[in-house]
Amino acid sequence: MQGKWEKRWHPLRQEWVVYAAHRNARPWSGEQVQGVKKELPHFDPSCYLCPGNERVSGRQNERYSGVFIFDNDHPVVGPKAPEVAQEEAHGLFRKESAKGLARVMCYDPRHHLTMSEIALSQVQSVFRAWKEQMQEFVAMPDIKSVLIFENKGEVVGVSNPHPHCQIYAVDFHFKLVTQELQAMRNFGQQSGRNIFEEIIKKKKRMRCAWWRTMNTPSLSSPSLRDMRMRSWFFPARTTTLWPRCLAKSWMDWLLFFMR
Ligand SMILES: [Zn+2]
């Protein structure tokens with residue numbers, strides 16, 4: 001059988017992950033999608049993200065020329081989330097109001113581009129805006145976790161091709177992040193070392209093809225084809241907060257994203 005097939009210990013998740021690369025060669029009789037890129041207009045009058053257009057909420061987008069951020073009209077979390085009855089706030093199936101902030105960030109006013117197609121200076125603006133958003137959330141005591149993500153492509157159900165991402169800032173800790181931070185603390189207490197520095201050292205020693213080190217950040221991924229889905233980014237310089245790290249080294253990160 002072609003490809004590796006083994007269990008791999010995930011030092012941050014603290015659990016085994018089965019790696020079964022040979023399964024990529026299994027027969028597939030399901031749906032197949034051709035990677036044909038549709039011709040899109042620079043501006044779409046029916047797009048709720050294009051400059052000057054009206055959104056479903058009735059609000060009008062600014063006639064923006066760079067990055068544009070607004071509160072999501074259909075937020076998953078928000079300050080106006082419905083209150084939950086007091087009697088439902090306890091017990092095995094307890095509920096709470098879904099407070100937080102949900103925003104949409106357009107990378108560029110042009111409807112037909114993706115991040116890899118916009119100018120480097122504009123990508124810099126996107127990174128700067130991510131950093132500023134994070135700094136804003138860090139100053140909010142109620143915000144405990146932030147997720148910035150982009151769903152991309154019709155195939156995964158994205159209804160609008162305009163280059164944009166979502167930002168969720170929530171008032172609870174994401175379990176995965178909590179787990180990883182606990183793994184970091186446990187490793188530090190047991191060994192007196194920083195787990196991220198150890199991971200960087202070991203990966204460098206393994207000389208994996210998919211391991212790259214820039215001037216400041218480092219990247220690790222189980223395989224090149226998975227890089228976009230499962231990548232670890234570590235600052236080579238120890239820092240307390242991602243926004244502060246970016247202040248020094250975000251250009252390197254940016255260039256990495258552009259590859
Ligand atoms: Zn658009």
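Because the structure is a prediction, the values reported are computed rather than measured. Start at 1 with the first residue, then count along the sequence. Every number for a ligand or one of its atoms is a count from 1 in the order of the listing.
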| field | K99/D142 ion pair, N-O < 4.0 Å | value |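 No salt bridge links K99 with D142.
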| Considering all heavy atoms of both residues, which atom of Y48 and which atom of N61 are nearest to each other, and what is their separation? |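 Taking Y48 first and N61 second, the nearest heavy atoms are O-ND2, 2.8 Å.
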| said: Tell me whether the count of non-hydrogen atoms from other residues, nucleotides or ligands lying under 6.0 Å of CH2 in W9 goes above 12. | reply: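 Counting other residues, nucleotides and ligands, CH2 of W9 exceeds 12 neighbours.
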| message | Heavy-atom count check: over 12 atoms from other residues, nucleotides or ligands less than 6.0 Å from E96 CD? | response |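 No, the 6.0 Å shell around CD holds no more than 12 heavy atoms from other groups.
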| field | the Zn ion (ligand 1): protein N, O or S atoms that are less than 2.8 Å away, sorted by chain | value |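 Protein N/O/S atoms under 2.8 Å of the Zn ion (ligand 1): C47 SG, C50 SG, H111 ND1, H162 ND1.
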| query | For R103 and Q166, does a side-chain donor sit closer than 3.5 Å to a side-chain acceptor? | reply |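 No.
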| task | Verify the ring-centre separation between Y107 and F68: is it less than 6.0 angstrom? | result |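 Not close enough - the centres of the two rings lie 6.0 Å or further apart.
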